[in-house]
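Residue numbers begin at 1 in each chain, while the letters A, B, ... track the order of the sequences. Predicted model only: the values in this text are computed from it and were never measured.
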Amino acid sequence: MLDAQLLRNDLEAVAARLADRGLTLDIATFRGLEDARKRVQTRTQELQAQRNASSKKIGELKRGGQDTTALMAEMAKVGDELKRLEAELGDVQGRLEAFLLGIPNVPHPSVPAGRSADDNVEQRRVGEPRAFGFAPRDHVDLGAGLGMLDFERASKIASARFALMTGLLARLHRAIAQFMLDVHTVEHGYTEVYAPYLVNAESMRGTGQLPKFEEDLFSVPRAEGGKLYLIPTAEVPVTNIVRDEIVALERLPLKYVCHSPCFRSEAGSYGKDTRGMIRQHQFDKVELVQIAHPDNSYEQLESLTAHAEAILKRLELPYRVVTLCTGDMGFSAAKTYDIEVWLPGQNAYREISSCSNFEAFQARRMQARFRSERGKPELAHTLNGSGLAVGRTLIAVLENYQEADGSVTIPAALQPYMAGATRITAGG
RNA sequence: GGAAGGGUGGCAGAGCGGUUGAAUGCACCGGUCUUGAAAACCGGCAGAGGCGCAAGUCUCUCGUGGGUUCGAAUCCCACCCCUUCCGCCA
């Protein structure tokens, strides 16, 4: 959520920067709501002040044994008027908040303007795609050849866009998550978190999934009414740790890492990435979350991105980092780096991590604050990034480490987690 | 699922329907004292928002939402959450 004050003072500039995102800010609607808010709020507060003064006076008069019936009758009328005004004010403020909740974050000045992924700017490439002496297969063929990756049965059990892994492939999946958690906790100083996979609407609103993107979420109804939402990323429960809290200055930055399943309905993406496990309703991810001081949140974004990259380096997987342009960024982000891993089966770099600084956008929604040097509570900055997506890392390992006979060599970094196995072979 | 108790400022903890936005303690900030620190003493210290160039001033907030009243932290109703005991259970 943007600062209402910013919109009041600098509406044109905000609208111009949001236009880079392809969003036309409804300036007339905002001004209309603001004017109404100002008028009704001022009048309401005047009457409230009058009521408070008179009530105090009545108390004094009564103590002095004097008659108060005239004043009380007058105040009863003011009370009726107040009740009406307060209702109107609540209505206007509700609509103003709904308006604000629907506006995406303002991009950081360093973010390149652009309309689509084509306008993203490559920052660096690390590692050389391997030269195969044969035509590399994609993970679907490799997994089927090994007899360990089965989409037909997954769809029998659940539906399309689910995967069933067995044997060493399932173990490799687990090994990847363990490896990532170990690196981030032991070497990068993150605190491991185990968090709820079902969360309430307040948490979803805090990180920005609600109210605008409900159709992307799975939810379960509750017998007692209401519902809980399945998390689309551990970002939601982990960032909400600090919702409605004031963090001591010296504790910043808070650095959390959380391995969790993620559930996404992928509404609106039908027909996209239908082959294989690139885009699933359920996938695992190791998520990095930081609650940072506004003064250094962009330095933290660089280090968080480096932490995610470290995993790819250790797995010796080629990748590149791109800065998302204004038109390709997510709703809540002020700046995002995507890390894209090389997939020989697709002959392309594909997203495996997305690292973002949200500045105070999420913090304002969830009132996540810290006590500043001045002793005053201020909104913190929130950041997160995949470190990394487990399923896509598995795909990258399969495709990059495949051999001509369809077997897969296990990267050295993962071998300690594989109970002695160094290769995955059919029937192995 | 059943029963009981409880939700007040960063924390702990008071609070007859009327100068209580809230005593007191701790923590924190500033000052005195001290070579320095501690102790002691003095002062300050909740958050959000409106109006205003500013000084300032006003409003809202005691789990949430309603209600009673001229006036609610205090009374009534509903809901949420926490704790304890019983039941069930990975």
Next on the checklist: Holding to ring pair (Phe, Tyr, Trp, His ring centres under 6.0 Å), I want the full list of residues that pass it with A:F358, two or more places apart in sequence or in another chain.
Outcome noted: none
Checklist entry - Between B:A90 and B:A72, how far is it from one C1' atom to the other, in whole Å? => result 47 Å
Let me check something: any side-chain donor-acceptor pairs from residues 249-256 of chain A under 3.5 Å, sequence neighbours excluded? List them with distances.
from   : atom 1 : to     : atom 2 : distance (Å)
A:K255 : NZ     : A:H188 : O      : 2.8

Checklist entry - To the nearest 0.5 Å, how far apart are CG in A:N105 and CZ in A:R364? => result 8.5 Å
Item to check | Between C1' of B:C70 and CD of A:Q66, the distance in whole Å | outcome: 16 Å
Next on the checklist: Give me the distance, rounded to whole Å, that separates B:C45 from B:G63 when you measure between the P atoms they each carry.
Outcome noted: 24 Å
Next on the checklist: I'd like the P distance from B:C81 over to B:G65, given in whole Å.
Outcome noted: 16 Å
Checklist entry - Do A:D244 and A:Q367 have side-chain atoms, one donor and one acceptor, less than 3.5 Å apart? => result no
Item to check | Protein-nucleotide distance (A:L228, atom CG; B:C81, atom P), rounded to Å | outcome: 10 Å
Next on the checklist: Please tell me whether A:E309 and A:Y319 have a donor and an acceptor in their side chains that are separated by less than 3.5 angstrom.
Outcome noted: yes
Checklist outcome for this item: In whole angstroms, the gap separating C1' of B:G63 from CZ of A:R243 amounts to 14 Å
Item to check | No-hydrogen, no-angle side-chain donor-acceptor test under 3.5 Å, A:S356 and A:T336 | outcome: yes
Item to check | Separation between the C1' atoms of B:C29 and B:U84, rounded to whole Å | outcome: 40 Å
Checklist entry - Ring centres of A:Y298 and A:H381 under 6.0 Å apart? => result no
Checklist entry - Donor-acceptor pair, A:T326 side chain versus A:D20 backbone, under 3.5 Å? => result yes
Checklist outcome for this item: Stems field, RNA chain B, Watson-Crick or wobble, 3.5 Å, at least 3 pairs, by first number, holds B:1-7 with B:80-86, B:10-12 with B:24-26, B:28-32 with B:40-44, B:46-51 with B:56-61, B:63-67 with B:75-79
Item to check | Nucleotide B:G66, atom P - distance to NZ of A:K83 in whole Å | outcome: 11 Å
Item to check | Interatomic distance at P, B:A22 relative to B:G10, whole Å | outcome: 15 Å
Produce the list of close N/O pairs, under 3.5 Å, pairing protein atoms with atoms of nucleotides 71-77 of chain B; give distances to one decimal.
from  : atom 1 : to    : atom 2 : distance (Å)
B:G71 : O4'    : A:S55 : OG     : 3.0

Item to check | Distance, P atom - from B:U24 to B:U64, rounded to whole angstrom | outcome: 25 Å
Next on the checklist: Taking the ring centre of each residue, are A:F218 and A:Y229 less than 6.0 Å apart?
Outcome noted: no
Output one line per pair: protein atom, nucleotide atom from nucleotides 45-49 of chain B, and distance, for all N/O pairs under 3.5 Å.
from  : atom 1 : to     : atom 2 : distance (Å)
B:G47 : OP1    : A:K376 : NZ     : 3.4
B:G47 : OP2    : A:K376 : NZ     : 3.4
B:G47 : O3'    : A:R369 : NH1    : 3.1
B:G49 : O2'    : A:Q41  : NE2    : 3.2

Checklist entry - So what does A:K77 touch, heavy atoms closer than 4.0 Å: a base, only the sugar-phosphate, or nothing? => result nothing
Next on the checklist: Under 4.0 Å, heavy atoms only, any strand: does A:I58 hit a base, just the sugar-phosphate, or nothing?
Outcome noted: base
Next on the checklist: What's the gap between B:C79 and B:A4 when it is taken at their P atoms, as a whole Å value?
Outcome noted: 15 Å
Checklist entry - Taking atom types as modelled, is there a side-chain donor on A:Y190 or A:H307 under 3.5 Å from an acceptor on the other? => result yes
Checklist entry - Expressed in angstrom and rounded to an integer, what is the separation of A:K56 atom NZ from B:U69 atom C1'? => result 18 Å
Item to check | Side-chain N,O (A:N52) to OP1/OP2 (B:U59) below 4.0 Å | outcome: yes
Checklist entry - How far does the P atom of B:C62 sit from the matching atom of B:U74, given to the nearest Å? => result 8 Å
Item to check | Pairing residues for A:S155 by the side chain to side chain contact (heavy atoms under 4.5 Å, CB included) criterion, not counting sequence neighbours | outcome: none
Next on the checklist: Does this structure show an ion pair linking A:K285 with A:E287, if we count only N-O contacts that are shorter than 4.0 Å?
Outcome noted: yes
